[in-house]
Structures are given as structure tokens and as C-alpha cells.
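Here's the structure, in C-alpha cells; my notes come after.
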Amino acid sequence: MRKATSFTFAAFAVASSLWLAGCAASNKPAEEKSPADWSAIADRDWQLMRIEAKDKSLTPMTPILASVNFTNDGKIAGSTGCNRYFGSYTRKDTALDVSPLGSTKMMCMEDAMEIEDAFIAAMADVKGWKLQDDDLMLVDASNKSIMTFEQIKP
């Protein structure tokens, strides 16, 4: 009877260790999963396809090519379609916070100014990001898409 008890205890100890190891492996923080997704975004150039402005949807057309690039070191830069802009961002998982943006101040065509104004206003409302069908979507606090970008292919 003593051998059976030793064997049962040993089997229980091994099973418990395996179970605990499995729990520890599956309880990784979400932050560890996010970098792989963010690596598909960061240090790439994205061209604006659409802005959901407060009262209408705007679709930039050539030559008004607005863009964004989020660097891995927390900087953001690109074009509004008229002026160059720069700033910084912080990110945790899919939450994204963009600093107020600085920009050049060149005179632009009227259509370009409408896109630029909507772009700068929308960036101030960005609270998150997601990838959908290879498009980068920047979303507001209610998770509604406010800007959609496609990756610029070299």
C-alpha cells in the first residue's frame, strides 16, 4: 500500500506542476502580445484614404496625399497633404494617444486646407488603433474609425 501512495503522490505532484506551468504561460500580459501587431504599423509609411470629419467623410485625392509614420521610439511624422507635421505618441496595447502636433505653415489650395484641418482635428481625437484588411484605422474613444490609412508600398 505504501508504494501505491508514493506513486499517487508523485503523479499528483507532477500533474500539479504541469498545471501551474500552463497557467503561468497563459497569463502573459496583453502587452506581450501587442508588439507583434504594432510591428506591422510602426516605422512604415501610411497614406490617408479617408477621414470621418464631424459632419462628413473626406477622401483625399492626388495631389493631396496625407500620410503618417509612427516610429518605434514614440515619434509621429508625416504630411497633411499640404504641410509637414511632427509630434509624439504613447501606446499601450491598442490604446493610442497622440500629442498636439507641430507643423509647417505653408499656403495651400483650398481643398488641401480642408483635409489638413480635418486631419489635425482628427489626430487630436485619436484614442486607439486597429488593423482591418491590412488598413490602419485610427479610432476615437468610442472605438469609431475616424481615419483610415493604407500602407504605402515602395
Side-chain angles (χ1 to χ4, degrees), residues 15-154:
S16 295
S17 296
L18 291 173
W19 181 77
L20 287 172
C23 287
S26 65
N27 278 340
K28 289 182 181 175
E31 185 64 29
E32 290 182 24
K33 295 176 187 172
S34 187
D37 295 334
W38 186 248
S39 69
I41 307 298
D43 287 326
R44 297 171 192 255
D45 292 314
W46 297 87
Q47 182 174 315
L48 181 66
M49 296 180 354
R50 185 176 45 261
I51 299 176
E52 299 302 327
K54 292 183 185 351
D55 55 349
K56 61 183 167 180
S57 182
L58 300 173
T59 305
M61 298 171 74
T62 303
I64 305 168
L65 301 176
S67 65
V68 68
N69 186 306
F70 295 94
T71 64
N72 275 319
D73 63 353
K75 293 182 177 41
I76 180 176
S79 171
T80 63
C82 177
N83 285 290
R84 304 285 306 157
Y85 69 88
F86 52 91
S88 61
Y89 73 92
T90 55
R91 177 192 65 84
K92 181 171 180 170
D93 300 325
T94 58
L96 183 64
D97 187 41
V98 177
S99 72
L101 300 175
S103 71
T104 58
K105 299 289 183 194
M106 295 186 294
M107 180 83 122
C108 305
M109 300 178 335
E110 188 174 313
D111 292 345
M113 288 308 300
E114 181 181 28
I115 297 293
E116 178 171 300
D117 291 343
F119 186 93
I120 297 296
M123 276 294 185
D125 292 337
V126 169
K127 296 299 177 204
W129 65 277
K130 58 186 170 184
L131 274 177
Q132 185 171 333
D133 300 325
D134 295 326
D135 291 337
L136 170 61
M137 300 176 88
L138 300 182
V139 299
D140 63 13
S142 66
N143 206 32
K144 176 183 169 246
S145 175
I146 52 177
M147 288 194 282
T148 304
F149 295 84
E150 67 182 351
Q151 188 174 347
I152 299 173
K153 306 287 186 200

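Using a 4.5 Å cut-off on side-chain heavy atoms (C-beta onward), Phe149 and Met137 make no contact. Side-chain atoms of Asp134 and Leu131, non-hydrogen and from C-beta on, never get closer than 4.5 Å to each other. In this structure the side chain of Lys127 reaches within 4.5 angstrom of the side chain of Asp97, judged on heavy atoms. In this structure the side chain of Ser67 never reaches within 4.5 angstrom of the side chain of Asp45, judged on heavy atoms. Side-chain atoms of Thr104 and Phe86, non-hydrogen and from C-beta on, never get closer than 4.5 Å to each other. At a threshold of 4.5 Å between non-hydrogen side-chain atoms, the residues Ile76 and Thr71 do not count as touching. Side-chain contact between Asp140 and Val126 is absent, with no heavy-atom pair separated by less than 4.5 Å.
The backbone N or O of Ile41 lies less than 3.5 Å from a partner atom in the side chain of Trp46, making a donor-acceptor pair. Under the 3.5 Å distance criterion, the side-chain polar atoms of Asn83 are matched with a main-chain donor or acceptor of Met106. Side chain of Trp129 to main chain of Asp93: a donor-acceptor pair is present (N/O by atom type, distance under 3.5 Å, no hydrogens or angles).
In this structure, SG on Cys108 lies 13.0 Å from CD on Glu114, to the nearest 0.5 angstrom. Distance CG/Asp135 to CE/Met147: 14.0 Å, rounded to 0.5 Å. Rounded to the nearest 0.5 Å, atoms OG1 (Thr59) and CE (Met49) are 9.0 Å apart. Atom OG1 of Thr80 and atom CD1 of Ile64 lie 9.5 Å apart (nearest 0.5 Å). The CD1 atom of Ile115 sits 12.0 Å away from atom CD1 of Ile120, with the distance rounded to the nearest 0.5 Å. Interatomic distance, NZ of Lys130 versus CG of Leu138, reported as 10.5 Å (0.5 Å rounding).
Residue Asp133 places its CG atom among 12 or fewer non-hydrogen atoms of other residues, nucleotides or ligands, all under 6.0 Å distant.
Summarising the geometry of Ala118 relative to Leu58, their closest heavy-atom pair is CB-CD1, 3.5 Å, with the distance given to 0.1 Å. Nearest heavy atom pair, residue Ala112 against residue Cys82, reads CB-CB, 4.1 Å. Nearest heavy-atom pair across Asn69 and Arg44 is ND2-O, 3.2 Å.
Of the charged side-chain nitrogens involved, none lies within less than 4.0 Å of a carboxylate oxygen, so that Arg50 and Glu150 do not count as a salt-bridged pair.
Met123 pairs with exactly one of Leu101, Ile51, Ile146 by the side-chain contact (heavy atoms from CB on, under 4.5 Å) rule, that one being Leu101.
Aromatic ring orientation, Phe70 versus Tyr89: perpendicular (interplanar angle above 60°, classes split at 30° and 60°). The aromatic rings of Tyr85 and Phe119 sit tilted relative to each other, their planes meeting at an angle between 30° and 60°.
For Glu52 and Ser57, the side-chain atoms include at least one donor-acceptor pair closer than 3.5 Å.
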